Amino acid sequence: MPTTFITGGTVVSATGRGAADILVDGERIAALLEPGSTVLGTDLARTADTVIDATGKYVVPGGIDAHTHMSMPFGGTTASDDFESGTRAAAWGGTTTIIDFAVQKFGERLQDCLATWHQMAAGQCAIDYGFHQIVGDVNDASLSALRELPAEGITSYKLFMAYPGVFYSDDAQILRAMQIGASTGLMTMMHAENGPAIDVLVGQLLEQGKTDPYYHGIARAWQLEEEATHRAIMLADLTGAPLYVVHVSAKQAVAQVASARDRGRNVFGETCPQYLYLSLEEQLGAPGFEGAKWVCSTPLRSRAERHQDHMWQALRTNDIQMVATDHCPFCMKGQKDMGVGDFSKIPNGIGSVEHRMDLMYQGVVEGRITLERWVEITSTTPARMFGLYGRKGVLAPGADADVVIYDPDGHTSIGLGKAHHMNMDHSAWEGFEIDGHVDTVLSRGKVVVDAGEYIGRKGDGRFVRRDPCQYLI
Ligand SMILES: [Zn+2]
């Protein structure tokens, strides 16, 4: 097996940092060594097939983005990144594993849907990938299919309390699914927004002529996120199902998650970079139709109400456990512009898969989180939450050699053209400056990004079968 020796860097984990060299043998990490040490008298810096000098840099486990939507069908169109372009952009940004969603539409057999998504991803990916199962049609057949998912290496499924007539599940359906979650150990992931109430507000706003993207955020009021989060927590409490609330954006919803955790419940919360950095007023409220770039659900929240500061604080205190992107990009031309004159027709989603590691690292630079917490919320906790830990999320002997060499003296300007690699005609992050840089990325021992160049191949990434959640209380 070809060996790679990463020398001179500071290895950072969720629990500490220190100078160490890493020996990679084939696809796995063989050893972490004290700097300058020899193995059986062999100087690895001279004998390894590849030597990577990480002097002055951080060496961290590859990022795990546990919430992406490649080729997601939504609102009559399809997310503009497919598995090839989306995972390549992820690799560029230091993410070496995604967990995407197999999307069961209403009326479709769950097993058929999963087979379709396997077909879409197989041989296309630059990095490893797993699936969560979206259940868009909770009925007897899909409930019994849910029980078979762990044997397929899929240990989580997602329900929607939003989008009536599309993905929506009512309380009875949620309760029945959660009973299966409790008995099988499947993690229930919840999009927690009160969809029927939102639809009433959407109709009323449009009738009043309030059609701009800004009103997407007004219709999806924080009260409807808090209420749904509370309801999901209570149903999980009743059934004993573990619950993972996706894309928490309102500080009041954070409080619901925190309060459940304080009662010892297996309730977890995810947030996304957009809820830490962007706002209702600045982005959704941008002049004209510009705000459409940032139409996503849950929506961006008010800066005046300080949701963003609360979210950073929740990341520090572990009231929120991890950061994913909810990567679901749509182009302005031909996709987002379907909603000119009617914000409810704008496809929901932002593209961020390439920028998550950088954007969260900027939180370290600005003193909002520690370096170790950065590793924890972007890699180690996602691995534990979704049953990958040991193989992923940690740099230790036997783990997959998914490694990012990050330069704290480098710089990344996010913007258009060559400054990002997602399949979009704009960037939701244009103008963001990062005081750090992803230098080198290894995916299972293979260098896929080096010195700003992608040198991997489509098909490098493999489907990863996941174990049950390793984060339960
Ligand atoms: Zn999503």
Side-chain angles (χ1 to χ4, degrees), residues 63-75 77-83 86-87 89-90 95 97-105 113 117 120-121 129-136 154 156-164 166-169 174 187-195 198 216-217 220 224-225 228-229 232 243-250 253 257 268-276 278 293-301 311 320-330 335-336 346-356 378 382 385-386 422 424 428:
I64 300 173
D65 191 340
H67 189 159
T68 66
H69 297 284
M70 305 308 171
S71 297
M72 166 90 169
F74 190 98
T77 186
T78 303
S80 56
D81 266 322
D82 60 15
F83 282 93
T87 57
T95 286
T97 306
I98 61 164
I99 312 178
D100 207 271
F101 290 85
V103 184
Q104 183 208 21
K105 293 183 217 158
C113 143
W117 284 78
M120 284 167 58
Y129 62 97
F131 287 127
H132 312 286
Q133 178 68 57
I134 284 176
V135 186
I154 293 170
S156 45
Y157 73 100
K158 181 179 175 189
L159 300 176
F160 291 79
M161 301 166 94
Y163 307 126
V166 189
F167 297 124
Y168 175 76
S169 289
I174 293 168
M187 177 68 82
T188 302
M189 306 171 76
M190 189 62 76
H191 179 132
E193 284 187 296
N194 186 324
I198 287 167
H216 170 81
R220 307 187 89 91
L224 302 178
E225 183 185 347
T229 304
L243 174 69
Y244 176 95
V245 184
V246 297
H247 50 52
V248 177
S249 69
V257 171
F268 311 102
E270 160 202 287
T271 195
C272 312
Q274 54 267 35
Y275 308 121
L276 294 159
L278 310 178
K293 290 177 183 172
W294 298 281
V295 164
C296 60
S297 298
T298 58
L300 304 185
R301 297 296 177 191
M311 205 59 75
I320 293 289
Q321 289 73 46
M322 50 182 274
V323 175
T325 57
D326 195 10
H327 178 77
C328 193
F330 296 100
Q335 296 197 296
K336 292 273 188 185
I346 301 169
N348 287 201
I350 289 182
S352 314
V353 74
E354 184 171 350
H355 304 314
R356 185 185 63 124
T378 57
M385 190 70 72
F386 292 111
M422 298 173 287
M424 302 170 68

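Every heavy atom of this structure was used, including side-chain atoms; hydrogens, water molecules and symmetry mates were not. As the structure lists them, so they are numbered: ligands from 1, and atoms in each ligand from 1. None of the values given here were measured: they were computed from a predicted structure.
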*Under 3.5 Å, is there a donor-acceptor pair linking the side chains of Tyr129 and Thr97?*
no
*asked:* Closer than 2.8 Å to the Zn ion (ligand 1): how many protein N, O or S atoms are there?
replied: 3
*Partners of Phe330 by ring-ring contact (aromatic ring centres under 6.0 Å, His included), sequence neighbours excluded?*
none
_Do Arg301 and Ser249 pair up side chain to side chain, a donor and an acceptor below 3.5 Å, judged on atom types alone?_
yes
*Indicate whether the side chain of Asp65 and that of His327 have a donor and an acceptor atom separated by less than 3.5 Å.*
no
_Which residues pass the ring-ring contact (aromatic ring centres under 6.0 Å, His included) test with Tyr163, not counting sequence neighbours?_
Phe74, Phe160, His191
*For Lys158, all residues meeting salt bridge (Lys or Arg N to Asp or Glu O under 4.0 Å), sequence neighbours excluded*: none
